[in-house]
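Not measured: the values here are computed from a predicted model.
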Amino acid sequence: MSEPHSGRPPVRGAAKHPPEARGLLERMLEFLHPGPDSKSELIDTLADAEQRELIEPESRQMLEGVLRMAELSAGDAMVAAPRMDLLDIDAPYDELLGLVIDTGHSRFPVFEGSRDNIMGILLAKDLLKMQRAPELNLRALLRPPVFVPESKGLNELLRDFRSNRNHLAIVIDEFGNTAGLITIEDVLEEIVGEIEDEFDDKDGESGIYTLADGSQRIAGDATIAAVNGSFNLALPDNDFDTIGGLIAHEHGRVPRRGEVVQVGGLNFAVMLTRGGAVRWFKVTRAPEDETQA
């Protein structure tokens with residue numbers, strides 16, 4: 001018995017391409033329009049997309065930051081131990097308050113005895129509680145520290161920061177010693193670039209900022225002329241245009257984060273590096289005994 005007629009003619013020739021046919025088509029498209037085979041090719045593709053105005057420059061920079069961050073570890077982005085601002089649990093209250101005000105941080109590692117003995121994290125706002133209630137014990141205000149190895153990937157660290165709601169971690173080396181500290185801001189800056197402080201006093205467009213403690217923060221690409229004008233110096237600018245280039249030449253290589261290079265009677269402490277160059281220096285005048293040595 002024949003099946004009832006639906007009133008519609010049968011569709012012929014509408015069968016899907018067999019898998020092998022689709023595979024051949026895909027291979028032909030990949031041959032004509034090959035995709036990136038490596039991270040560097042993908043970055044080149046993003047740069048090409050920006051040139052063709054398919055994406056904004058800021059979007060390309062952020063995407064590149066995400067790609068590069070996957071290759072970085074906590075040790076690459078941390079603040080080195082010698083440059084950590086720490087609080088001594090046994091210091092008097094006025095001394096602690098002065099350091100908090102001078103540095104302007106919101107969180108501080110607290111040590112007891114030696115700087116390697118980090119016992120907790122103090123929030124600046126919690127310290128103010130002792131002003132109204134002097135009977136409070138500073139130890140009771142401390143929050144447990146989070147320790148991460150230098151090798152911990154930034155991607156994983158960012159996930160931990162978000163899930164645990166921590167904003168700061170102590171970085172330790174393979175021997176368990178304190179290597180530095182890293183904040184969620186340090187990680188995010190690898191993606192979005194330097195996060196400027198709304199209270200920074202910028203000297204025009206020169207890339208020179210005045211910090212709360214009276215020191216200067218200078219961009220690595222600030223011109224030598226701008227630095228000379230700001231500090232009344234006469235650093236040579238015949239061979240180099242930027243202060244970062246001059247510092248790298250004087251040092252023999254690009255200095256790493258936490259290193260200090262003395263040039264022209266100034267100490268240039270590296271605050272942040274990115275892409276093989278120094279992004280920011282913290283600059284102070286070198287003591288006279290250092291400059292005469």
Side-chain angles (χ1 to χ4, degrees), residues 74-75 77-150 152 157-173 176-189 194-202 209-217 257-258 260 267 269-272 280 282-285 287:
M78 70 180 184
V79 175
R83 288 193 54 245
M84 289 170 53
D85 293 316
L86 304 180
L87 300 181
D88 187 345
I89 189 69
D90 295 321
Y93 174 80
D94 289 343
E95 182 179 327
L96 296 176
L97 184 61
L99 182 57
V100 169
I101 293 173
D102 289 342
T103 57
H105 302 316
S106 59
R107 292 168 174 79
F108 293 84
V110 179
F111 71 92
E112 183 175 27
S114 70
R115 289 173 61 93
D116 270 334
N117 185 29
I118 306 295
M119 56 184 304
I121 305 298
L122 178 69
L123 272 60
K125 63 179 182 179
D126 288 344
L127 183 64
L128 298 178
K129 296 177 182 178
M130 295 185 65
Q131 205 165 36
R132 290 189 174 183
E135 70 279 3
L136 279 177
N137 189 327
L138 184 59
R139 296 175 188 271
L141 299 176
L142 299 183
R143 309 198 177 195
V146 174
F147 297 94
V148 299
E150 284 184 288
K152 191 177 186 70
L157 182 58
L158 182 58
R159 286 195 298 268
D160 289 348
F161 275 145
R162 294 179 59 190
S163 61
N164 300 330
R165 298 187 178 181
N166 289 318
H167 288 194
L168 183 149
I170 305 299
V171 183
I172 57 176
D173 61 21
N177 300 319
T178 300
L181 67 79
I182 188 168
T183 67
I184 190 171
E185 182 177 283
D186 294 325
V187 179
L188 293 176
E189 283 178 348
E194 177 77 3
I195 300 174
E196 306 296 352
D197 192 316
E198 67 270 27
F199 299 108
D200 283 340
D201 177 22
K202 188 175 183 182
Y209 296 74
T210 300
L211 301 179
D213 61 359
S215 63
Q216 305 291 316
R217 187 177 71 182
R257 186 170 187 173
V260 180
N267 284 334
V270 180
M271 300 177 67
L272 180 70
W280 290 105
K282 181 176 181 179
V283 182
T284 55
R285 292 196 178 274

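- If you take OG on Ser215 and CG on Asn267, they are separated by 11.5 Å, rounding to the nearest 0.5 Å.
- With values rounded to the nearest 0.5 angstrom, Leu141 atom CG is found 12.0 Å from Lys125 atom NZ.
- Taken to the nearest 0.5 Å, the CZ atom of Phe111 stands 8.5 Å off from the CG atom of Leu87.
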Requested in this report: Walk me through it: do Ile182 and Val187 pass the test side-chain contact (heavy atoms from CB on, under 4.5 Å)?
Outcome: CA-CA 8 Å; Ile182 188 168; Val187 179; 4.0 Å; yes
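- Using a 4.5 Å heavy-atom cutoff, the side chains of Thr210 and Gln216 are in contact.
- Ala124 and Phe108 make their closest contact through CB-CE1, 4.4 Å (heavy atoms, listed as atom of the first residue, atom of the second, distance).
- The stretch residues 91-101 participates, sequence neighbours left out, in no side-chain hydrogen bond (donor to acceptor under 3.5 Å, both in side chains) pair at all.
- Atom-to-atom distance recorded for Leu188:CG and Glu185:CD is 8.0 Å, nearest 0.5 angstrom.
- Taking the side chain as every heavy atom from C-beta outward, Ile184 and Leu158 approach each other to under 4.5 Å.
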Query raised in the report: Under the side-chain contact (heavy atoms from CB on, under 4.5 Å) criterion, do Lys129 and Asp126 qualify, and how do the steps go?
Result: CA-CA 5 Å; Lys129 296 177 182 178; Asp126 288 344; 3.2 Å; yes
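- Inter-residue side-chain proximity for Ile121 and Leu168 is flagged as met; some heavy-atom pair is nearer than 4.5 Å.
- In terms of heavy atoms, His167 sits closest to Arg107 at ND1-NH2, 3.4 Å.
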Report task. Tell me, with the steps shown, if Met84 and Thr178 meet side-chain contact (heavy atoms from CB on, under 4.5 Å). Result -> CA-CA 10 Å; Met84 289 170 53; Thr178 300; 4.0 Å; yes
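- Annotation for Val100 and Leu127: closest pair CG2-CD2, 3.8 Å, computed over non-hydrogen atoms.
- In terms of heavy atoms, Met119 sits closest to Pro145 at O-CD, 3.8 Å.
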Query raised in the report: Between Leu86 and Leu99, is a side-chain contact (heavy atoms from CB on, under 4.5 Å) present by the stated rule, with each step listed?
Result: CA-CA 9 Å; Leu86 304 180; Leu99 182 57; over 6 Å; no
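- Within the model, atoms CG of Asn177 and CD of Glu150 stand 10.0 Å from one another, a figure rounded to the nearest 0.5 Å.
- Put simply, the side chain of Leu181 reaches to within 4.5 Å of the side chain of Thr183, judged on heavy atoms.
- The closest side-chain heavy-atom distance from Leu142 to Ile89 is below 4.5 Å.
- Side chains of Leu138 and Leu96 form a contact here, defined as non-hydrogen atoms less than 4.5 Å apart.
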